[in-house]
Every structure is written in C-alpha cells, then in structure tokens.
Enquirer: 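Let me begin by handing over the structure; questions about it come next.
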Protein chains: 4
Amino acid sequence: MIVETDVLVRFAETDQMGIVHHATYLLYFEVGRVAFSKAVNASYNELEQAGFSLAVVEAKVRFAAPARFDQKLAIRTWIRKASSRAVTFAYEIVDGMTTQRVVTGHTRHICVDREGKVRRIPGKWYQAIKDNEYGE
Amino acid sequence: MIVETDVLVRFAETDQMGIVHHATYLLYFEVGRVAFSKAVNASYNELEQAGFSLAVVEAKVRFAAPARFDQKLAIRTWIRKASSRAVTFAYEIVDGMTTQRVVTGHTRHICVDREGKVRRIPGKWYQAIKDNEYGE
Amino acid sequence: MIVETDVLVRFAETDQMGIVHHATYLLYFEVGRVAFSKAVNASYNELEQAGFSLAVVEAKVRFAAPARFDQKLAIRTWIRKASSRAVTFAYEIVDGMTTQRVVTGHTRHICVDREGKVRRIPGKWYQAIKDNEYGE
Amino acid sequence: MIVETDVLVRFAETDQMGIVHHATYLLYFEVGRVAFSKAVNASYNELEQAGFSLAVVEAKVRFAAPARFDQKLAIRTWIRKASSRAVTFAYEIVDGMTTQRVVTGHTRHICVDREGKVRRIPGKWYQAIKDNEYGE
C-alpha cells in the first residue's frame, strides 16, 4: 500500500534562494502520514483524540531537486516497518506532472501516551499499520 | 513600560522576494509579548501552566520597510489597554542598529481557560498588566 | 467574484493550546489570494516571474472561533478595492462543513518591482483585478 | 571548533502535543550554522550576497527528549567533513541549563551558484571551513 496525496507549494514555504525551504518537507511528510492513516481507516486524528501520539524519534531527508512556488507535488507514503510500539514511514515526493523526484526520506516513530510514556500502538491502528507494511 | 527584545532574522523566515515573509512578524510580536511578561514578573509560561491562555481575537500589522536575512531587529512591546478579561498589546519593530521602523501593530487578547471559556485574568497577571498599561 | 478554496489543517499548524496558531491564517489568506489569481486568469506566479510582487503593506485578522488539526476549512477571497498601484483583498475562513465562521480579515498590497520600487500593476493583472472588484 | 548559540523556544514552535514540533529543529540547525559561520569569520550572509548558497542535500535528526515552550536550548555546531564543493555540519542541541540532550543530527550541503549549478566553495569560506573541520 502506497498512498499518494498532493500539495501545492505555498509562497511562504519558499526562501530567498527562490526554492522551497528544506524544513518544509518534514511538514509535507506529515501531510503524507495523515493521508495514509485515513486511507487505511486508522485516522491519526482519532489516535490523538484517544490520547496517543506517534512521537518522531528519527527523521531523514535526501534532496534530489528543488521545488518552487505553486508547483504541484505528489507525496507518496508507505510503511517500511512496523512493530508493536514503533513504526517507520517512508516517503517519496515527486513533481505532480513529470514525476521527477524531489525528495525521499523516512521518519521513525514510537507510540506514547499524553505523559510521554512509551505504549503499545492501540489495536485498531496497529492492525492497520501491520496489514499495510510495505518494506523498503 | 516598553520592553525591548532582539531577534536575528532566520534564513527560513525569508521568502523568494528576498525579504522576511509578512506572517513572521506575528511570531516576532509573540516573542515580544513573552519578553514583556517576564519583564513585569508575570511569565506567560506560568499563566499557561496555571491553565489559562491569552487567546488572540484580533491582530493588525502595518509594514513600513522590508527586513532581510541576518538583520538584527528590536521588538518594542507595550500594553495599550487592559481590562479584567482582555488586553491589547502594541508593538513597534525597528532595525536594531539604525532604529529605522520595520513594522508596527497590535494584538488583542481575551483570557480563556483550557476549555476555551472566557475568564478573568488571574490576579498576579492582571495586576502586572494593569500596573503597566501604557496607552497608544 | 468570490473564490473559495479548501485547506486541511496540518498538525504542525497547531500549538500547545491545541488549536491552529493565529499566524497560520496569514498563510491561508495567501493560499486564498493565489487561488483567486488563478480563477481570474491572472496567476500570481506569472506576475512574480514577470518581475513584480504584491508587497503586503497592511494585514488584519479577526478571530471568531478556533480551528483544529485535520479540520477542513474553506477560504473565501475577494477584492475589496483596487487601484493602479494597490489592491486590498478580503477574506472569510469558515468551517468546510458547517460554514461556521473561523476568521475574517484583509491584506493591503502595493505593486513593487524586484528593487522594491512602487510600480503600476501590469495590464493583464490590473484588468483582472479591476474587473473583479467586489467591495466590502 | 564547536560553536554554541542559544535559542528560546517560541510559542508558535510548539504543537498540540505540547512540545516543540520536530521540523523546528531544522530551523535551529540553520541558526547554528549561521552562528558558526560568523564565529569563523566567514559569514553565510556574505556568501549568499556573493551569489553562492550551501544547498542542503541531506538532513538527519535524532530526537532524544522533547523541548517545551520558553525552554532555553543550546545549539552546538561543528564541521564533520569538508571538501572543495561539499560540507557536512553536525549538531547537538541540549537544554541550556541541565545540558540534557534534546536532539542530534547533521546536514550535508553542496555549494551552488544562483542558477543552482554546483561550484567550488569560494576561497575565504572554504579556508574557514577546512581549517575548522572537527570530525565526528
């Protein structure tokens, strides 16, 4: 399962180099995760409301080509690896028209409760994540 | 009482026009409010920890001159008007060296609790705010 | 002419009050302007590429209700007033489902070239703006 | 050479988990690089004005502990590896008082001109970077 969702680059996301500032891609990855969670019927918003979060413990981004204001980008999100308490999402962002690669990356998360204590990923979400493990 | 605090423009705060993106100034105003609250011994962080927030109900910014990457800016913050449940902060941001005006503005706030209900500003903070009302 | 476009609140746009941080709405207004410019066939991206910008000289936001993570918002954008060198956009952001009002506001802009000098809004864009002046 | 610079967490940098949003640390790393460049008399701002940029080609962050609103953080920045066209900065962000580790990471950069073409790092900057290579 790879879930694809679009974003349109905002003006505020550019910097004085005339390209999308590199930190923005972590926000796009997050948009990808949220779209993924809905596509597998395990909404991240509901997980938050249930008192859990997938805290980021590692993030990596490789930049292949710059993106620019008003460019349509496609964010592809999948699950590289899942366990009872942790999940690694992987991403590829490409130009929405040419499919030229813009960035790739991954984020690793652990499930925590509102006190920040590590917890098992609750059943419904764990099942959705495990069923949709994709690999590299 | 006017409290002055400095910021150094970050690269990420610029946009492709080569200047500080206009939304950034609301973040600088917030930096100014936090500095003000400490200067009058009524820390905004402690107000938050006590379960209250000063929710923004109105914000206005007038842009006089652009600011650029790595420019040192001085944020001047004061209280225009205070009442038992509301407070209006005013701001002037100037170049840290030439004192040339960059932006001016204000934000109006009401005190709310964690459920978002309007509440009186707790005593310590109200006193600090009222004692330091400055006017236009 | 009122142009409506949607955004889905991103997780990163929330703050520790659990609501959308107030500065985010200036970014949403910008998304609204860009959508407006396309709807009237006078793309803001092309204006930038032609060497002009609509620099913000004033921004005002009134906050009516908080918005939350993953909420779908509709941004309504129109032109309040246009002249040869300046334009004022007005905005109303509402919940995408209930149409409950979230924020209203306006931004005033002047046309500048790459050196920051005030210039007439180039013909094609001026025509599109003037033809679609809407008023309050 | 390790350069240390401070930031105070801004309210807008928190998210609804009540902690600093993870993307913020890439902005702090950038603040660290800018401080480093000044400490070695090779200002990044001047490099930009000379027509060059250090484009980010890879970024990695490991999150050790959450940071919170109004927390003072110390950003430690050093050069892990430098060559004629590329440089890798490494970072450790710790609590400004307890020195508890918050995040670690690195960013890899290549020197590009305004057209985005890979170029040698200009002499003055290359010398400053090479002279201050620190390693892991």
Side-chain angles (χ1 to χ4, degrees), chain A residues 12-34 44-45 47-68 86 88-89 91 93 101-118, chain D residues 12-34 44-45 47-68 86 88-89 91 93 101-118:
Chain A
E13 291 166 348
T14 61
D15 62 29
Q16 70 176 49
M17 285 174 71
I19 59 175
V20 171
H21 188 269
H22 62 280
T24 310
Y25 295 103
L26 289 181
L27 309 189
Y28 293 168
F29 286 178
E30 197 166 68
V31 168
R33 284 197 299 283
V34 170
Y44 187 66
N45 198 3
L47 182 69
E48 280 274 330
Q49 282 162 4
F52 299 89
S53 292
L54 293 177
V56 186
V57 290
E58 184 181 289
K60 185 165 186 180
V61 196
R62 283 176 194 275
F63 303 87
R68 294 180 192 280
T88 301
F89 286 92
Y91 315 87
I93 299 182
R101 180 178 283 182
V102 174
V103 309
T104 54
H106 73 260
T107 54
R108 209 173 100 79
H109 306 256
I110 49 164
C111 185
V112 296
D113 60 22
R114 282 194 183 127
E115 280 69 45
K117 237 183 110 174
V118 180
Chain D
E13 291 167 348
T14 61
D15 62 30
Q16 70 177 48
M17 285 175 70
I19 60 174
V20 171
H21 187 270
H22 62 280
T24 310
Y25 295 103
L26 289 182
L27 309 189
Y28 293 168
F29 286 178
E30 196 166 70
V31 168
R33 284 196 301 283
V34 170
Y44 186 65
N45 198 2
L47 182 69
E48 279 274 330
Q49 282 162 5
F52 299 89
S53 292
L54 293 176
V56 186
V57 290
E58 184 181 288
K60 185 165 186 179
V61 196
R62 284 176 193 274
F63 303 87
R68 294 180 192 282
T88 301
F89 286 92
Y91 315 87
I93 300 181
R101 181 179 282 182
V102 174
V103 309
T104 54
H106 73 260
T107 54
R108 208 174 100 79
H109 305 255
I110 50 164
C111 184
V112 295
D113 61 23
R114 281 194 183 129
E115 280 68 46
K117 237 184 109 173
V118 180

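Each chain gets a letter, A, B and so on, in the order the sequences are listed, and its residues count up from 1.
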Enquirer: When only heavy atoms count and the cut-off is under 4.5 Å, which of residues 24-31 of chain D reach chain A?
Expert: D:Leu26, D:Leu27, D:Glu30
Enquirer: What residue, out of A:Gly18, A:Ala59, A:Ala23, has the most heavy-atom pairs lying under 4.5 Å from chain D?
Expert: A:Ala59
Enquirer: From D:Met17 CE over to A:Glu48 CD, what is the distance, rounded to the nearest 0.5 angstrom?
Expert: 6.5 Å
Enquirer: To the nearest 0.5 Å, how far apart are OG in A:Ser53 and CG in D:Asp15?
Expert: 8.0 Å
Enquirer: So, using side chain to side chain contact (heavy atoms under 4.5 Å, CB included) as the criterion, who are the partners of A:Asp113 when residues are at least two apart?
Expert: A:Glu115, A:Lys117, A:Arg119
Enquirer: By number, which residues in residues 101-111 of chain D have some heavy atom less than 4.5 Å away from chain A?
Expert: none
Enquirer: If the contact rule is any heavy atom under 4.5 Å from chain D, which residues of residues 61-68 of chain A qualify, in numerical order?
Expert: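 Contacts with chain D: A:Val61, A:Arg62, A:Phe63.
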